[in-house]
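Computed from a prediction, not measured in an experiment: that's the story for all the values here.
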Amino acid sequence: MNLVNGSLYFRRLLLLIVIVGIIPVVSLGSYAYFTSASIAEQSAIEGNSQILLQSKLKIDQLLQTVDYLATQFITAPSTLEAVSQYDLMNELDEVTREFYKSLTRLQMIGTGIRDVALVSFSRDWVIDNSGLSSLNNEMNGKFLQLARTSKPSYWIGDEETDSIYFVKKIPVYAVEPTGLIVFRIPSVSFGELLVQAPFTGTTRILNHDMKVLASTDGSPFMQAKPEAEYLRQAMGSGSLSGSRTVRIDGKERVLTFEASPYSQWVYVSSVDKEQIMQGSRQIGRTTLFISLGMLVVTLVLTLTGSRFVYRPVRTLYEYVTRFVGKAEFATDADELQRIRVVFENMLDKQGQLDAKLLGYTSQLDELFTMKLLLGKMPNREVREKLELTGHGTNWKEKAVFAVRIDSLSETRYEEKDRDLLLFAINNIIEELVPEDRRIKPVCMEQHQATLIGSSGDKPGELDSYMDMILGKIQSSIKQVLQLKVSVGISRPFLDWAWASKAYSEALEALQYRIILEDESIVRIEDVEPSLHKSFEYPDMLENELVSDIKTGNLLMAEEHLASFTQEVVRQKLDHREYQMMMLRLLIRLLQVDDSLKGGLGATGTVYTEFLQLSNVSEMEGWLMMRFIDPLIRQVKTAAVEQHRTISRQIMDLVHADYDKPLTLEGCAAQLNYTPSYISKVFRKETGINFLDYVQTYRLNVAKRWLIETDMRISQIAERLQYNNSQNFIRYFRKMEGMTPGQYREGQR
């Protein structure tokens with residue numbers, strides 16, 4: 001207790017530990033509850049959206065089937081002739097029976113159709129399940145109302161019969177039709193098609209007036225529901241799907257909707273938010289109990305452990321006061337504040353040093369040249385970039401020179417103009433050196449750098465050219481900007497991998513201008529004749545190895561790992577330096593494993609195992625077996641599964657939209673991939689290219705229609721997106737050895 005009263009820092013430490021113990025517990029509990037609630041709600045919304053989409057697709061398929069049946073029936077010449085010319089009420093009994101049989105056949109099992117009526121306005125008769133009757137009959141008055149529309153066909157609900165009617169004019173686009181065909185489907189049939197799941201709540205189908213056509217809770221037919229106004233607002237922006245949380249009858253409900261462009265119907269799921277939140281509340285209660293337990297433990301540990309935490313602070317404080325004395329400190333300061341006074345200057349200087357170091361950090365990814373000179377671009381990417389630009393691909397020798405301003409004193413410029421002057425120097429060099437002789441010059445920190453090359457085979461050709469061009473550069477800068485500049489030149493090199501080394505040599509050469517005069521041109525070969533190689537880590541080979549792992553290229557990974565170890569061994573280092581370079585590679589592989597969520601290095605023994613290996617060769621084999629090979633297998637497995645998923649999605653798109661214009665680009669846009677990528681994936685997975693698959697599937701559809709329907713060949717060709725029927729006939733004959741007409745006759 002005396003320690004608590006006598007030490008200001010100890011009291012603050014005790015309070016801090018209590019607060020630090022409470023805040024994470026409360027934050028964790030709150031985060032767990034709100035996160036689980038959000039995830040539960042989002043999962044329910046996504047699940048409901050998928051279920052609604054299934055219901056919409058099933059019912060739209062039914063509606064389109066009915067529309068197709070109606071179109072096929074009314075476009076038949078016999079139907080058009082009968083509706084406009086036959087007086088079935090007084091004659092043609094055989095024709096009446098034939099039509100009655102045809103209408104009965106339209107009531108296919110699985111479509112829910114309960115009645116089909118064929119109406120003739122010109123001859124005043126109606127044929128339906130109850131037989132032939134006069135249009136003037138009172139019961140048939142509804143057909144006259146159904147015809148009063150400008151639409152060629154439409155779906156409408158009828159409260160009197162608790163059914164949904166599909167009405168289509170005869171002829172289809174006639175202003176004054178001669179007849180109608182009317183399909184009646186009970187609303188309960190649509191209700192049976194609605195998909196149900198534990199968290200879908202109530203699912204309803206609403207027409208364009210937001211009245212109920214079918215539901216899973218037995219809502220009255222054609223009744224308006226409270227959520228109608230919310231749906232109108234949500235769809236006012238043109239969205240065909242979505243979800244929102246609304247309050248209806250004092251309760252929060254989650255509405256999820258899918259609108260059908262074909263029928264203009266809205267499929268809506270309404271679920272009580274309380275039902276969704278039950279799981280997250282259980283998590284909240286559990287988290288509360290755990291949090292309370294953690295708080296109790298924290299308080300106990302705080303009271304018993306604070307003394308041990310304070311002891312080193314007290315020891316350090318007593319050590320500092322022996323050198324400085326307590327009189328140097330403020331009376332109201334605690335121990336740490338007093339210790340801070342001693343180290344404040346040192347920390348300030350350290351902060352200034354860190355700020356300067358950060359100021360010199362380059363933005364390595366801004367330009368190709370910067371990345372190349374700083375050694376951050378693999379050889380493969382360098383070659384690809386050069387092939388695109390067409391520069392440097394045929395160079396035999398290359399070198400780097402760096403230009404620096406000698407001094408701004410006794411000039412009209414100030415130090416703040418240095419960056420602008422470097423930019424001007426960069427432009428002069430870009431104009432003087434032809435494009436086929438250099439890659440794009442860049443401004444670095446306090447200097448300008450240029451990589452220059454020569455395609456000649458003569459020894460010394462590059463040196464001669466650089467002497468000539470650097471003389472021009474110095475004279476032009478002096479004439480235009482009235483500035484003196486010095487130039488540092490690297491050793492010539494052959495492989496692009498040495499570009500960063502050459503850049504360093506050019507800067508090193510510039511350092512020797514301290515002992516030379518202004519406007520010096522310094523070659524590194526002149527001031528440092530020996531080509532001494534210091535400790536160099538092969539960053540580029542490491543990056544290429546990581547790239548091979550991420551692309552699943554085992555052969556190239558083995559090759560680059562072998563090159564990496566060879567580069568390490570090539571350098572004359574001691575055993576500890578070899579081990580550190582290989583350990584650095586291991587750390588990079590652990591980072592790759594973590595990014596791929598592989599878990600290969602999850603145990604703490606991996607470093608122990610690695611450090612027990614006796615030589616670089618064993619390390620190479622261990623890395624290949626322990627990390628590289630498993631990671632590549634994991635990448636390939638993920639890629640195979642992704643390719644299968646993409647191929648299935650493409651086939652689903654073809655099966656759903658075979659009668660619409662289909663292009664590889666359109667499918668790629670829907671799946672958010674590039675056309676070239678999905679083309680390669682689809683061909684690899686199916687053994688057939690996209691266009692051939694589409695044509696084969698359409699051919700199979702055409703064969704089925706030729707057997708099962710009376711559609712004309714020209715209609716089939718048009719439906720299957722052929723420009724004309726002759727193209728369709730030629731393709732059919734090429735694939736089947738006969739014309740479509742011959743195929744139809746042979747199958748019947």
Side-chain angles (χ1 to χ4, degrees), residues 365 371 375-385 387 495-497 537-570 578-650 671-674 676-687:
D365 295 329
K371 292 166 66 177
K376 297 298 182 180
M377 178 166 285
N379 268 346
R380 173 174 47 82
E381 293 186 20
V382 173
R383 290 192 295 269
E384 291 175 356
K385 178 69 175 178
E387 288 174 359
D495 194 336
W496 288 101
Y537 183 80
D539 296 276
M540 192 170 302
L541 288 172
E542 178 192 83
N543 293 332
E544 291 180 344
L545 175 59
V546 171
S547 177
D548 295 335
I549 293 173
K550 292 183 177 180
T551 57
N553 193 333
L554 180 60
L555 293 177
M556 291 302 297
E558 292 176 344
E559 180 179 336
H560 284 129
L561 179 59
S563 300
F564 182 95
T565 55
Q566 290 171 8
E567 181 64 19
V568 169
V569 173
R570 182 187 61 79
Y578 287 136
Q579 196 174 52
M580 290 305 296
M581 292 178 76
M582 296 301 293
L583 187 60
R584 178 172 170 180
L585 176 61
L586 171 61
I587 294 171
R588 181 65 185 279
L589 293 178
L590 286 170
Q591 293 173 347
V592 174
D593 174 53
D594 185 62
S595 68
L596 297 176
K597 296 181 173 57
L600 299 177
T603 64
T605 62
V606 62
Y607 293 103
T608 304
E609 294 176 22
F610 185 79
L611 293 175
Q612 289 175 349
L613 301 174
S614 59
N615 56 56
V616 174
S617 179
E618 288 183 4
M619 292 177 182
E620 177 182 347
W622 186 86
L623 289 173
M624 178 59 68
M625 179 188 67
R626 182 70 168 78
F627 283 92
I628 297 174
D629 188 57
L631 285 173
I632 288 177
R633 287 200 302 270
Q634 179 183 338
V635 168
K636 287 184 176 180
T637 300
V640 169
E641 186 58 32
Q642 183 188 37
H643 291 175
R644 289 175 181 170
T645 301
I646 292 173
S647 297
R648 286 195 297 270
Q649 290 175 332
I650 295 172
L671 299 180
N672 293 322
Y673 292 101
T674 62
S676 60
Y677 177 72
I678 68 170
S679 176
K680 293 178 182 177
V681 169
F682 188 81
R683 186 174 184 87
K684 179 179 178 182
E685 288 296 316
T686 63

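- One distance of note links NZ of Lys680 with CD1 of Ile646; it measures 13.0 Å at 0.5 Å rounding.
- Remark: Glu544 pairs with Pro378, Asn379, Met540, Leu541, His560 by the side chain to side chain contact (heavy atoms under 4.5 Å, CB included) rule, at least two apart or across chains.
- A donor-acceptor distance shorter than 3.5 angstrom exists from the side chain of Ser563 to the backbone of Glu559, with no hydrogens or angles considered.
- In this structure, CZ in Arg588 is found 12.5 Å from CG in Leu586, a value given to the nearest 0.5 Å.
- Taking CH2 of Trp622 as the reference point, atom CD1 of Ile628 lies at 10.5 Å (rounded to 0.5 Å).
- Remark: Asn553 engages no residue in a side chain to side chain donor-acceptor pair (under 3.5 Å) (not counting sequence neighbours).
- Looking at heavy atoms from C-beta onward, Pro630 lies in side-chain contact with Arg633 at the 4.5 angstrom threshold.
- One finds the CG atom of Asp548 at 10.0 Å from the CG atom of Leu555 (value rounded to the nearest 0.5 Å).
- Of all non-hydrogen atoms in Thr686 and Phe682, the two that sit nearest each other are OG1-O, 2.6 Å.
- Interatomic distance, CD1 of Ile650 versus CD1 of Ile678, reported as 4.5 Å (0.5 Å rounding).
- Residues Arg584 and Glu542 share a closest heavy-atom pair of O-OE2, 4.2 Å.
- By the side chain to side chain contact (heavy atoms under 4.5 Å, CB included) test, Arg683 pairs with Asn689, sequence neighbours left out.
- Heavy atoms only, all atoms of each residue included: Ala557 and Leu545 are closest at O-CD1, 3.4 Å.
- Separating the CE atom in Met582 from the CZ atom in Phe564 is a distance of 6.0 Å, to the nearest 0.5 Å.
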